[in-house]
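On a predicted model such as this, the values are computed, not experimentally measured, just so you know. Residue numbers run from 1 in the order of the sequence given.
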Amino acid sequence: MVELGSGDYTYAVIEDWAKLPYGWSFKEAAAVGADSNDNVYVFSRGEHPIMVFDRDGNFLRSWGEGVFPRAHGITMGPGDTIFCTDDGDHTVRKCTLDGKVLLTLGISGQPAPFMSGNPFNRCTDGAIEPRNENFYVSDGYGNARVHKYSPDGKHLFSWGESGTGPGQFNIAHNLCTDREGWVYVADRENHRIQVFDPEGKFETQWIDMARPCGLFIDKSGDPSGQQRVYVGELGVAIGPNSQAYGLGPRVTIMDIKGNTLAKLGDGPEGEAPGQFIAPHGVCIDSRGDIYVGEVSWTHTGSGLNPPREIRSLQKLVRKV
């Protein structure tokens, strides 16, 4: 069995973890989340947008067919809810765990004007403020903004603009919050994570990363109570450099101050166990196991001759 990492951050790679129904496929897994029972929700770009598995990879159900044209981000919400961000539909939908839509933000199929700052133009992800259930939406591809909402969907305020300075974004790709309510934004094409207070005030930035995409904070903390940050790094944009070391694609584990604890799979792009192609969404379950969704079709598979689907979901089991 292939292992990644070292010491307290050693993980076994579980190949073919998800047991899909016969003839089904992910096409690619844009995002992944785990509920309080460690059931895993895969937001894919195939015919079955949400596929649900137990922690052993047994298929439980699917939903969202015909609703989500282009999966991008999911966030597990309070009260057994899930927020599904669709950058092709320009909407965020709050749903029950069996797919009932409770709230829709944005107008389906109607983007706001490009870089207008108004919600949404190819929104990318959501995050919940733990103290009061306000939530944030990163509006990253056709805007350079983060929008804040009340729990009932009232728009409170927004911040950000296109650029490379503090508080500016070049694809606000994913975001999450910590226990205290600080907001962390994966500013992908600026190769950094920016940290803001709940009012959108810039506090600091973390660098030394290669196009951060997936972002997850374990608010429960490890046995010592320390929160951990999990970053899925897409890696370099130029093809030949994908075979270099130290440039991603990889999953990086950090502490809440931005110090690197481990880099998993920090080698050439590839399909072998423990290698990555395009980490796009990441989460952990209650046992600290990591689930990594990759946009392997968009990144690589669609350009092969002939085109073919490539593995897009991996489970890494923490060794204790």
Side-chain angles (χ1 to χ4, degrees), residues 30-31 69-75 83-92 105-127 129 134-149 155-177 182-216 229 231-238 241 247-249 252 258 278-282 295 298-299:
R70 193 173 188 274
H72 199 276
I74 58 173
T75 304
F83 289 76
C84 303
T85 304
D86 188 320
D87 77 304
D89 196 48
H90 315 286
T91 54
V92 179
L105 297 178
I107 302 173
S108 179
Q110 297 186 31
F114 179 75
M115 290 296 168
S116 66
N118 298 323
F120 300 116
N121 190 311
R122 299 195 64 195
C123 46
T124 50
D125 196 24
E129 189 173 358
N134 289 332
F135 62 96
Y136 304 88
V137 177
S138 53
D139 200 5
Y141 285 120
N143 257 321
R145 300 282 272 177
V146 173
H147 310 286
K148 185 172 183 176
Y149 291 86
H155 180 244
L156 301 176
F157 61 87
S158 304
W159 77 88
E161 61 184 1
S162 182
T164 59
Q168 297 178 326
F169 301 112
N170 185 6
I171 301 185
H173 193 272
N174 277 40
L175 77 172
C176 58
T177 56
W182 296 96
V183 184
Y184 300 71
V185 181
D187 186 10
R188 193 182 84 182
E189 299 305 315
N190 282 329
H191 298 273
R192 64 183 178 180
I193 291 171
Q194 295 195 66
V195 185
F196 301 89
D197 73 9
E199 302 305 313
K201 178 186 175 184
F202 173 84
E203 292 295 325
T204 190
Q205 64 180 8
W206 304 346
I207 56 173
D208 186 25
M209 55 189 63
R211 302 172 75 206
C213 278
L215 192 56
F216 184 90
V229 184
V231 185
E233 296 180 58
L234 193 61
V236 296
I238 299 175
N241 287 355
L247 294 172
T252 299
H280 192 266
V282 62
V295 289
T298 297
H299 189 273

**Test item: Thr75 side-chain N/O and Gly126 main-chain N/O as donor-acceptor pair under 3.5 Å** = yes
**Message:** Test side chain to side chain contact (heavy atoms under 4.5 Å, CB included) on Val231 and Val282; report intermediate values, then the result.
**Reply:** CA-CA 7 Å; Val231 185; Val282 62; over 6 Å; no
**Nearest atoms (heavy-atom pairs only) where Cys176 meets Ala127** = CA-CB, 3.5 Å
**Message:** Whether the side chain of Ser138 engages the backbone of Asp125 through a donor-acceptor N/O pair (distance < 3.5 Å, no angle test) should be reported.
**Reply:** yes
**Item:** Residues Ser108 and Asp89: side-chain donor-acceptor under 3.5 angstrom
**Value:** yes
**Pro166 vs Phe196 side-chain heavy atoms within contact, under 4.5 Å** = no
**Fill in**
What one should report as the nearest heavy-atom pair of Ser116 and Asn143 is N-OD1, 3.3 Å
**Asked** Once you round to the nearest 0.5 Å, how far does OG1 of Thr124 lie from CG of Leu175?
**Response** 7.0 Å
**Request:** For residues Lys148 and Pro198, report the shortest heavy-atom separation together with the two atoms involved.
**Result:** NZ-O, 2.9 Å
**Approximate separation, where rounding is to 0.5 Å, of Ser158 OG and Asn118 CG** = 8.0 Å
**Message:** For a salt bridge (charged side-chain N to carboxylate O under 4.0 Å, His left out) check, start with the C-alpha distance between Glu233 and Arg211, then their side-chain angles and the critical distance, and finish with the verdict.
**Reply:** CA-CA 6 Å; Glu233 296 180 58; Arg211 302 172 75 206; over 6 Å; no
**Item:** Heavy-atom side-chain contact between His280 and His299 under 4.5 Å
**Value:** no
**Request:** Determine the interplanar angle of the Tyr149 and Phe135 rings, folded into 0 to 90°, and report it as parallel if under 30°, tilted if 30 to 60°, perpendicular if over 60°.
**Result:** parallel
**Polar side-chain atom of Asp187 near backbone of Asn170 as donor-acceptor pair, under 3.5 Å** = yes
**Request:** May I ask you to test the Phe157-Glu199 pair for a side-chain heavy-atom distance under 4.5 Å?
**Result:** yes
**Message:** If you define the side chain from C-beta out and look only at heavy atoms, does anything of Val146 sit under 4.5 Å from Phe169?
**Reply:** yes
**Request:** Report the distance from atom CG of Leu215 to atom OG1 of Thr177, rounding to the nearest 0.5 Å.
**Result:** 10.0 Å
**Item:** Approximate separation, where rounding is to 0.5 Å, of Asp87 CG and Asn121 CG
**Value:** 9.5 Å
**Asked** Looking just at side-chain N and O atoms, do Gln194 and Gln205 make a donor-acceptor pair shorter than 3.5 Å?
**Response** no
**Item:** pair Pro119-Arg145: side-chain heavy atoms closer than 4.5 Å
**Value:** no
**Prompt:** Strictly under 6.0 Å, is that where the ring centroids of Trp206 and Tyr184 end up?
**Reply:** yes
**Request:** Identify the heavy atoms of Phe114 and Tyr141 that sit nearest to each other, and give their distance.
**Result:** CE1-O, 4.2 Å
**Asked** Once you round to the nearest 0.5 Å, how far does NE2 of His173 lie from NE2 of His72?
**Response** 3.5 Å
**Prompt:** Quick one: CZ on Arg188 to CD1 on Ile171, what's the gap to the nearest 0.5 Å?
**Reply:** 4.0 Å
**Message:** If I compare all heavy atoms of Ala186 with all of Cys213, which pair ends up nearest, and what's the gap?
**Reply:** CB-O, 3.8 Å
**Request:** Heavy atoms only: give me the nearest Gly88-Pro69 pair and the separation to one decimal.
**Result:** C-CG, 4.3 Å
**Message:** Measuring only between side-chain heavy atoms, which start at C-beta, is Thr252 closer than 4.5 Å to Met209?
**Reply:** no
